[in-house]
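Everything below concerns the one structure shown next.
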Amino acid sequence: MEVRARAPGKIILAGEHAVVHGSAAVAAAIDLYTYVSLRFPTPEDNDEELKLHLKDMGLEFSWPVGKIKETMPELGGVPGSIPSYSLEAMKAIASLVEEQSIPEDNTGLISGISAFLWLYTSIHGNKPAKAVVTSELPLGSGLGSSAAFCVALSAALLSLSSDSVKLDFNHQGWQVLGKSELELVNKWAFEGEKIIHGKPSGIDNTVSTYGNMIKFKSGELTHIKTNMPVKMLITNTKVGRNTKSLVAGVSKRALKHPIAMVSIFNAVDSISNELSEIIQSPISDDLVITEKEEKIAELMEMNQGLLQSMGVSHTSIETVIRTTSKYKLSTKLTGAGGGGCVLTLLPTLLSGTVVDKVVAELVSCGFHCLVAGIGGRG
Ligand code: PMV
C-alpha cells in the first residue's frame with residue numbers, strides 16, 4: 001500500500017519574528033510543494049525497516065523496527081492521537097538519529113530527521129515503511145520547507161491512521177482533507193515544527209495546511225479573502241541561515257531591550273493588520289489597485305526597517321533592496337531573514353521589460369529569482 005501527500009511552501013508578507021512575540025502576521029501559500037510518499041511492505045517483502053529517502057539530497061536513512069521498539073518503548077502509535085512532547089522520547093529519537101551517518105555540520109538535516117521519526121512513531125508506531133520525500137522548495141531559505149515537510153508527512157500519516165477520513169478530489173486529482181482532518185494535520189505538523197525550530201509561532205504549518213492567504217496572531221487563524229492580485233518576485237540570496245538561531249537572537253534582543261522591542265512588535269502588528277485590510281477591501285477600478293499597491297509597498301518597506309532593527313537583515317538582503325529600489329520597487333525579507341529569500345512587490349502596471357531588467361541584475365549578483373503563484377491550495 002502507498003499513500004502520497006503534498007503541502008505548499010509559503011511567503012510571509014508581513015509580521016515574521018514579531019508573530020513569535022504575539023503580533024499579527026500575514027502569510028500566503030505559494031505553488032511550490034513538498035511531496036511525501038509512504039509505502040508499506042507486504043509480508044512477502046520481508047522488510048522490517050523504517051526508511052527515509054530524501055530524494056533531492058540523495059540521502060537515505062533506515063532503522064530496524066526492532067531497534068525503534070527497543071529504544072522508544074513507550075511509543076505505541078495510537079491512531080489519531082496527537083503526539084505530546086516528552087523529554088524521554090526526544091532523547092530516544094536523538095540516539096536513533098546519532099546512529100545514522102549524516103553529512104557534517106547539518107543541524108537542519110538532523111532536526112528534520114528527528115521530526116520525521118517523532119511524527120511517524122508517535123502516530124504510526126514502529127511499523128516498517130519507506131518514506132520518500134521530494135521538494136520543489138529551496139531548503140532553509142524562508143519559504144517554509146520544513147513546515148511543508150511536516151504537513152505533507154502528517155497528511156500522509158493521517159490518511160493511513162484513520163478509516164473515517166473523508167477525502168474529496170480537487171481538480172488536480174489530489175484528495176482534499178475535511179475541516180477536522182486539517183485541524184489534526186496542523187496540530188501534528190506544529191509538533192514537528194517545534195522539533196525543527198524550537199519555538200515556532202505556528203504560522204508556517206498553518207498556512208501550509210490551509211493554503212490561500214491567512215492572518216495569524218497568537219495561534220489564531222483568520223482566512224484572508226484576496227480582493228486584488230498580489231504578485232511578488234521571490235529572490236533567493238542563497239545565503240544559508242538557521243531559523244532557530246535567528247528566532248533566538250530576536251528573543252535575546254527583546255530581553256535586553258524590552259520596551260523598545262515591544263514598540264517594534266506593536267508597530268509590526270499594525271502593519272500586518274493594515275495590510276490584510278487593504279488586500280481584503282473591495283476594488284472599483286485600476287486606480288484603486290495602484291493606490292493599494294503603493295500602500296502595500298510602503299508597508300513592506302516599513303516592515304523591512306523594523307526587521308532590520310530586530311537584527312535579522314543581512315548584506316545580501318540589503319543588496320536586493322538596493323538593486324530593486326533603483327527601479328522604485330519595494331522589497332522586504334521573508335521568513336527568518338539572515339539571508340534566505342526576499343520579496344519584491346511587482347505592481348500590476350509594471351512592464352515585463354522592467355521585471356526582466358531587475359531579474360537580470362539580481363541574477364548577475366549571484367541570486368536566483370522566481371515568480372511563484374500566491375495563494376494556492378493547502
Ligand atoms: O524562515 P522560515 O520559513 O522558517 O520562517 C520562520 C518565520 C518566523 O516568524 C521567523 C518564525 C515563526 O515561527 O514564526
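This structure is a prediction, so every number in the text was calculated from the model and none was measured. Order of listing sets the numbers, starting from 1, for every ligand and every atom in it.
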Anything under 3.5 Å between an N or O on ligand 1 and a protein N or O? List each pair with its distance, or write none.
from, atom 1, to, atom 2, distance (Å)
ligand 1, 1 (O), Arg241, NH2, 2.6
ligand 1, 1 (O), Ala336, N, 2.9
ligand 1, 3 (O), Lys10, NZ, 2.6
ligand 1, 3 (O), Gly144, N, 3.4
ligand 1, 3 (O), Asp204, OD2, 3.2
ligand 1, 4 (O), Thr243, OG1, 2.9
ligand 1, 5 (O), Lys10, NZ, 3.4
ligand 1, 5 (O), Asp204, OD2, 3.3
ligand 1, 9 (O), His17, N, 3.0
ligand 1, 13 (O), Ser201, N, 2.8
ligand 1, 13 (O), Ser201, OG, 3.4
ligand 1, 14 (O), Ser201, OG, 2.5

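- Relative ring orientation between Tyr35 and Tyr33 is described as tilted, the plane-to-plane angle lying within the 30° to 60° band.
- Taking CD from Glu16 and CD1 from Ile203, the interatomic distance works out to 8.0 Å, rounded to the nearest 0.5 Å.
- Under the side-chain hydrogen bond (donor to acceptor under 3.5 Å, both in side chains) criterion, Ser281 pairs with Lys292, not counting sequence neighbours.
- Considering every non-hydrogen atom in both Ser95 and Thr71, the closest pair reads OG-CG2, 3.4 Å.
- Closest of all the heavy-atom pairs between Leu299 and Ile271 is O-CG2, 3.8 Å.
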*Walk me through it: do Phe61 and Ile102 pass the test side chain to side chain contact (heavy atoms under 4.5 Å, CB included)?*
CA-CA 9 Å; Phe61 307 98; Ile102 292 171; 3.9 Å; yes
